[in-house]
Amino acid sequence: MLFSKYEQYRKYIWSFVLLRTIQEVLGSHGARIDAFMILIAATVLYHYRVKQITFKKTLVVTLALIVTFAAIATVRLGVFDASEQSATTDFDFGELGAVFIPGFQLYAERSMGTLPPIPWQLFFDDFISIVPLANDKEWQPMYWWTDNYAPDAVVPPITLGPIALSALWGGEFFLLLEGFINGILFAYLMRWFAKNGGSWRVMTVYAFCYSTCVMCLKYSIFFHLAPLVRTILPMVLIVSVLAKGFQGGTKLARIASPA
């Protein structure tokens with residue numbers, strides 16, 4: 001809504017974006033993923049609502065972000081990792097290792113037939129998490145891994161993404177199927193946005209999905225289901241109803257004013 005009147009609110013927009021980015025980095029002890037998503041969402045809105053961003057500017061900003069985020073990662077590695085690691089588990093994967101190593105480990109165990117029992121509910125975790133007040137840990141694959149491989153950890157020390165999850169269900173074929181489904185979902189999102197992108201409702205959904213699409217590689221190809229159903233779509237509905245009521249009240253005031 002602020003971007004629709006960018007010249008009037010640009011100082012507020014970028015002040016808010018900067019403060020939220022700093023808050024996310026400090027509040028998460030140096031994690032950059034949420035800060036990155038905030039910046040991408042703001043960039044998408046600027047590109048489509050204000051002025052198209054050239055490839056040259058995109059490259060310059062991207063390089064600046066890489067340098068900044070790399071510096072934050074270096075500081076975080078020296079300051080926070082040691083204390084966080086000692087508070088969680090004896091596993092020391094490192095930041096990237098926590099994402100990729102579980103995939104190798106689970107595929108190795110799959111080939112040897114030594115995988116622990118896998119509850120079928122784990123397969124539907126993305127859909128179970130849609131339900132309000134549902135237990136988001138009982139059937140969460142990362143907590144299944146932690147219970148079986150790092151039971152003393154306070155929080156899961158790893159991330160189970162699509163590669164690791166495919167090892168639990170159908171191996172390489174399931175990974176191929178995941179990639180195919182993921183491609184269909186984003187192709188539909190792009191076609192839907194290209195057709196209806198002028199609507200603020202569509203722009204809201206698209207900006208959210210676009211800025212958070214990296215999470216489909218980190219966690220699950222259905223990552224967007226829960227936040228869309230539980231947060232984004234209800235918010236769009238509420239704002240639509242309030243906006244309609246406000247517009248209706250304005251029209252009535254205009255009709256009544258001559259009298």
Side-chain angles (χ1 to χ4, degrees), residues 1-77 94-96 98-100 159 161-163 178-224 227-228 231-232 235-236:
M1 292 180 177
L2 294 178
F3 269 98
S4 65
K5 296 182 178 180
Y6 179 77
E7 291 300 324
Q8 181 179 352
Y9 295 114
R10 61 182 179 178
K11 292 182 179 179
Y12 298 100
I13 290 171
W14 297 115
S15 296
F16 175 78
V17 169
L18 178 62
L19 290 174
R20 284 288 290 116
T21 301
I22 294 173
Q23 179 192 24
E24 287 296 342
V25 172
L26 294 178
S28 61
H29 290 183
R32 280 87 63 208
I33 188 66
D34 287 326
F36 177 73
M37 291 187 296
I38 292 170
L39 293 172
I40 292 297
T43 302
V44 169
L45 290 172
Y46 179 87
H47 180 79
Y48 285 109
R49 290 297 194 195
V50 184
K51 182 181 179 181
Q52 288 191 352
I53 302 173
T54 64
F55 175 77
K56 183 178 180 180
K57 288 183 179 180
T58 300
L59 184 61
V60 171
V61 173
T62 300
L63 291 174
L65 284 177
I66 290 174
V67 172
T68 303
F69 282 8
I72 294 173
T74 303
V75 174
R76 184 191 192 199
L77 186 64
E95 193 163 2
L96 288 177
V99 177
F100 293 109
T159 297
I163 295 176
E178 283 184 311
F180 182 72
I181 294 174
N182 191 238
I184 290 177
L185 291 175
F186 278 98
Y188 173 78
L189 176 67
M190 288 299 300
R191 288 174 64 88
W192 178 63
F193 174 71
K195 183 179 179 180
N196 307 288
S199 166
W200 71 267
R201 299 172 182 85
V202 176
M203 177 62 74
T204 300
V205 174
Y206 177 77
F208 170 75
C209 292
Y210 185 94
S211 62
T212 55
C213 64
V214 67
M215 306 303 276
C216 295
L217 297 177
K218 185 176 182 181
Y219 292 114
S220 166
I221 62 170
F222 297 115
F223 166 81
H224 290 105
L228 278 176
T231 305
I232 303 298
M235 180 195 70
V236 169

Partner residues of F222 under the ring pair (Phe, Tyr, Trp, His ring centres under 6.0 Å) criterion, sequence neighbours left out: F127
Least distance between heavy atoms, A35 atom then V25 atom: CB-CG2, 3.8 Å
Spatial distance of atom CG (L217) from atom CD (E178) [nearest 0.5 Å]: 10.5 Å
With W14 via side chain to side chain donor-acceptor pair (under 3.5 Å) - residues at least two apart: Y6
Pairs touching residues 202-212 that satisfy side-chain hydrogen bond (donor to acceptor under 3.5 Å, both in side chains), sequence neighbours left out: T212-H224
Least distance between heavy atoms, C216 atom then P162 atom: O-CG, 3.2 Å
Summary of salt bridge (charged side-chain N to carboxylate O under 4.0 Å, His left out) pairs that have at least one residue in residues 2-12, sequence neighbours excluded: E7-R10
Residues 49-67, side-chain donor-acceptor partners within the protein, below 3.5 Å, at least two apart:
unit_1, atom_1, unit_2, atom_2, d
T54, OG1, K57, N, 3.3
T58, OG1, T54, O, 2.9
T62, OG1, T58, O, 2.6

Euclidean distance, R32 CZ relative to I38 CD1, rounded to 0.5 Å: 14.0 Å
Atom pair CE/OG1 of M215 and T159 - distance to nearest 0.5 Å: 8.5 Å
Sequence neighbours excluded, every pair satisfying salt bridge (charged side-chain N to carboxylate O under 4.0 Å, His left out) that has a member inside residues 33-46: none
Partner residues of S199 under the side-chain contact (heavy atoms from CB on, under 4.5 Å) criterion, sequence neighbours left out: R201, V202
Residues which pass side chain to side chain donor-acceptor pair (under 3.5 Å) with Y9, listed by chain and number, not counting sequence neighbours: none
Reported CH2-to-SG distance for the pair W192 and C209, which is rounded to 0.5 angstrom: 7.5 Å
Per-pair distances, 0.1 Å, donor-acceptor, side chain in residues 181-191, under 3.5 Å, sequence neighbours excluded:
none

Pairs meeting criterion salt bridge (charged side-chain N to carboxylate O under 4.0 Å, His left out) with involvement of residues 16-28, two or more places apart: R20-E24
Contacts of type ring pair (Phe, Tyr, Trp, His ring centres under 6.0 Å), residue Y219, not counting sequence neighbours: none
Results of side-chain contact (heavy atoms from CB on, under 4.5 Å) for I22 - residues two or more places apart only: L18, L26
Separation between CZ of F69 and CD1 of I33, rounded to the nearest 0.5 Å: 8.5 Å
Non-hydrogen side-chain atoms of W200 and V236 separated by less than 4.5 Å: yes
Validation row: I13, Y46 side chains within 4.5 angstrom (heavy atoms): no
For the student: nearest non-hydrogen atoms of Y48 and M203, plus distance: CB-CE, 3.5 Å
Main-chain N/O of L228 paired to T231 side chain as donor or acceptor, under 3.5 Å: no
Rounded distance (nearest 0.5 Å) linking atom CZ of F3 with atom CG of L45: 5.0 Å
